[in-house]
Amino acid sequence: MPTQPIQRLNHLLDELGQVTDEPGRLTRTFLSPAMGRANQLVGRWMKEAGLKVRVDSVGNLIGRLEANVGARLVHARGRRQATPLQGMTLLLGSHLDTVRDAGRFDGPLGVLLPIVALAELKRRGVTLPFAVEVLGFSEEEGVRFASAYLGSEGYTGRLSPATLKLRDADGISVGEALKKFNGGRFLLPKQAQRTSNLIGYVEVHIEQGPVLEQRGLAVGVVSAIAGQSRFKLTWTGKAGHAGTTPMALRRDALAAAAEFAVGVEALARRTRGLVATIGVLQVSPGAANVIPGSVTHTLDVRHADDRLRRRALMAIGRLATQIAGRRGVARAWQRTQENGATPCSRALTARLERSVKAVQGKSLSLVSGAGHDGVVMSALTPIAMLFVGCRDGLSHHPDEYTSPKDLGVALDVMVDFLQRLAADYTG
Ligand code: HGY
Ligand code: MN
Ligand code: MN
């Protein structure tokens with residue numbers, strides 16, 4: 001196992017990147033066997049860095065490093081006094097689940113980098129006057145249940161009874177999955193931390209876009225996370241014989257869904273800043289010689305401005321009504337997720353940016369088109385995000401890549417951030 005921090009971080013990312021539910025490609029979904037193995041592996045690395053490890057009832061992996069009491073007491077002019085951070089905790093983390101056929105950086109980077117940074121501080125004999133919790137959220141992508149952020153919603157006590165009813169492709173509900181995970185009993189978890197005990201939540205994440213690479217920067221900070229709406233749509237027409245049913249008499253559910261998909265794409269192309277995606281589509285009954293009777297698909301719509309996102313959703317709803325009416329096909333919507341645009345804390349981001357400038361010389365502030373656990377964590381405590389550039393901006397793809405050089409800059413920023421935060425409060 002390499003000891004140099006950058007090589008060690010790269011090695012951990014590679015090793016964790018092998019832990020998958022689908023041989024031959026990286027896929028780790030909510031409460032899956034691979035997620036259990038990932039928690040064990042990362043939990044071991046947390047312990048080696050000196051953290052106390054637990055897994056909560058929603059499957060989140062939590063590593064805690066207590067504050068150093070000595071560091072907490074300030075020897076200012078001979079007087080010993082508690083620092084304002086007495087009993088405070090800084091939260092660092094990201095998610096350990098992945099999309100299907102994922103890259104190895106999206107999520108794990110934000111869990112493994114803090115572990116390596118804390119191990120590096122320990123090696124340097126640096127102690128912190130505040131506690132640190134490294135969080136490996138069990139579900140952020142929303143792959144298994146089409147609703148994202150189940151892990152951070154559990155940690156912040158915001159998992160709702162409605163979410164427990166969502167069902168996966170096998171018909172298993174979130175509630176049933178959590179009951180099984182917890183040995184047959186599951187109660188909706190309360191908020192894991194009192195807000196008054198928290199300094200904030202800082203997430204390191206690949207940019208998943210091309211800007212940092214184009215500007216020749218390794219890292220930047222995030223000003224806000226775009227809002228997003230996710231739906232499940234079902235189009236119900238009439239199955240029939242592909243050979244004997246005249247075209248004029250058909251109520252083809254797939255043709256309706258296809259016209260809708262092209263219409264949504266056209267709307268997003270002509271609306272600045274809007275992105276819309278249909279990523280999953282099932283056809284029923286699913287035979288080559290049967291006219292599709294019903295089609296179910298997802299819809300993911302995002303914009304940095306909530307007003308414009310809502311206006312686009314109205315237009316998309318009108319398009320669906322018009323297509324359904326003209327084709328004699330019924331359509332039903334189920335909203336599976338709704339998050340407003342989430343600003344990052346200016347004060348916490350300024351502290352992070354101080355370290356970015358110290359390490360990189362300059363900084364850049366970006367809006368995140370991707371969703372992150374910070375959206376949910378912002379309800380609990382101030383949030384800040386450090387973005388790390390990735391090759392061609394590619395993500396949610398096995399070729400997702402961040403260079404050891406850029407990883408090294410991000411590590412240095414995290415170490416500098418922790419040391420400055422400690423220094424700010426120990427006089
Ligand atoms: O979908 C997203 O924006 C993120 O990758 N979960
Ligand atoms: Mn992510
Ligand atoms: Mn992702």
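What you see below is based on every heavy atom in this structure, not just the backbone, and it leaves out hydrogens, waters and symmetry mates. Every number for a ligand or one of its atoms is a count from 1 in the order of the listing.
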* To do: Please determine if Lys180 and Glu176 form a salt bridge, counting it only when a charged side-chain N lies under 4.0 Å from a carboxylate O.
  => no
* Look at Arg144 together with Asp21 and state whether they make a salt bridge at an N to O cut-off of under 4.0 Å. => no
* Structure fact -> Checking heavy atoms under 4.0 Å, the part of His372 that sits near ligand 1 is neither
* **Nearest-0.5 Å distance, CZ of residue Phe387 to NE2 of residue His205** => 7.5 Å
* Compare His95, Glu139, Arg302 and give the one whose heavy atom is closest to atom 2 (C) of ligand 1. => Arg302
As an exercise, identify every atom of ligand 1 less than 4.0 angstrom from a heavy atom of [X].
X	answer
Ala370	3 (O)
Gly371	2 (C), 3 (O), 4 (C), 6 (N)
Glu141	4 (C), 5 (O), 6 (N)
Arg230	1 (O)

* Proximity flag Gln337 to ligand 1, non-hydrogen atoms under 4.0 Å -> no
* Structure fact -> Only one of Glu338, Gln334, Arg302 passes side chain to side chain contact (heavy atoms under 4.5 Å, CB included) with Arg230, and that residue is Arg302
* Asked: Hey, are the side chains of Leu421 and Leu128 touching, using non-hydrogen atoms and a 4.5 Å cut-off?
  -> no
* Report yes if some heavy atom in the side chain of Pro114 is under 4.5 Å from a heavy atom in the side chain of Val132; otherwise report no. => no
* Please calculate the OD1(Asp106)-the Mn ion (ligand 2)-NE2(His95) angle and round it to 10 degrees. => 90°
* Is the distance from the Mn ion (ligand 3) to some N, O or S atom of His396 under 2.8 Å? -> yes
* So does Glu140 have any N/O/S atom less than 2.8 Å away from the Mn ion (ligand 3)? -> no
* To do: Consider only side-chain N and O atoms of Thr321 and Arg331, and report whether a donor and an acceptor are under 3.5 Å apart.
  => yes
* Minimum heavy-atom distance Ile172-Phe145, with the two atoms named -> O-CE2, 3.1 Å
* Specify which N/O/S atom of Glu141 comes nearest to the Mn ion (ligand 3), by atom name. => OE2
* To do: Distance to 0.1 Å, residue and atom name: give those for the protein heavy atom nearest to atom 5 (O) of ligand 1.
  => His396 NE2, 2.9 Å
